[in-house]
Amino acid sequence: MISDTNEIIEKVLIDEDSLNVRIKKLASQINDHYKDEDTLIMVAILKGSVMFMAELAKHIKLDINLEFMAVSSYDSGTISSGNVKILKDLDTDIKDKNVLLVEDIIDTGHTLLKLRNNLEKRDPKDIKIVTLLDKPERREVDIKPDWYGFKIPNEFVVGFGLDYDQKYRNLPYIGILKRSVYEG
Ligand SMILES: O=P(O)(O)OC[C@H]1O[C@H](OP(=O)(O)OP(=O)(O)O)[C@H](O)[C@@H]1O
Ligand SMILES: [Mg+2]
């Protein structure tokens, strides 16, 4: 059983309703942006962005191709290693296609920067980035999303796809993790 959430969550930062309302709004901005295009390849970065991808894609009004990539930047815990390895690549060719990278969070920025550089070499028509959460205080490299859901303070958050040590992804809200959970 999941631990009692009072034991692990300091506070709920973004509740379920606010997430859904904001994601619909993001989808409508994305629909406007691509209104003259026929197709879009949405690329979710596993595993954190699965919930966001699912919710966002439901409201996109183009022919979309759902793709998944797995990269690894955090071994476990809360510290970024700065190394990004591709563990699972796209199943499709993105040459001359519109690509939308779908992320749950931009923290140091290393994951997305390396990924974008990698995908750019494949000659897509265009690459854009949408992230549910942006933690700008932690940025170590220059990368900005084209669309973001929420800017958040420098706290470790879990839920709606985001994990601590692979746990708590299934919480339906975004919560700040108690420091006692990872500082022991
Ligand atoms: O901006 P950065 O500092 O690079 O951090 C952000 C990335 O780190 C997390 O993924 P993680 O590697 O933990 O994998 P996960 O999605 O499977 O949890 C998160 O989902 C982002 O992809
Ligand atoms: Mg993670």
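Read the numbers this way: they start at 1 and go in the same order the structure lists the ligands and their atoms. Scope of the values below: all heavy atoms of this structure, side chains included, with no hydrogens, waters or symmetry mates. Predicted, not measured: the structure shown is a model, and the values here were computed from it.
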In ligand 1, the atoms that come under 4.0 Å of a heavy atom of I105 are 6 (C), 19 (C), 21 (C)
Do you know which of L171, L177, D104 makes side chain to side chain contact (heavy atoms under 4.5 Å, CB included) with L162? D104
Please work out, at 4.0 Å between heavy atoms, whether the side chain, the backbone, both, or neither of T111 comes within that distance of ligand 1. both
Only N/O/S atoms count here: what is the atom of D163 closest to the Mg ion (ligand 2) called? OD1
Taking atom types as modelled, is there a side-chain donor on S28 or N31 under 3.5 Å from an acceptor on the other? no
With atoms numbered from 1 as shown, which atoms in ligand 1 lie under 4.0 angstrom from a non-hydrogen atom of L46? 16 (O), 17 (O)
Spell out, as yes or no, whether a donor-acceptor pair under 3.5 Å connects the side chain of R22 to the backbone of L26. no
Hey, could you give me the CG/CZ distance between D163 and F156, rounded to the nearest 0.5 Å? 6.0 Å
Measure E103 to ligand 1 on non-hydrogen atoms and call it side chain, backbone, both or neither using the 4.0 Å cut-off. side chain
Against heavy atoms of R169, which atoms of ligand 1 measure under 4.0 Å? 15 (P), 17 (O), 18 (O)
Nitrogen or oxygen atoms of G48 and ligand 1 under 3.5 Å apart: yes
Report yes if some N/O of G109 lies less than 3.5 Å from some N/O of ligand 1; otherwise report no. yes
Should the pair R122-D89 be classified as a salt bridge under the 4.0 Å nitrogen-to-oxygen rule? yes
For Y182 and Y164, take the angle between the two ring planes, folded into 0 to 90°, and tell me which bin it lands in: parallel under 30, tilted 30 to 60, perpendicular over 60. tilted
Short list, please: which atoms of ligand 1 are under 4.0 Å from a heavy atom of D163? 18 (O)
Output the distance between atom CG (D126) and atom CD (E37), rounded to the nearest 0.5 Å. 8.0 Å
Under 4.0 Å, heavy-atom basis, I'd like to know which part of D107 is in contact with ligand 1: side chain, backbone, both or neither. both
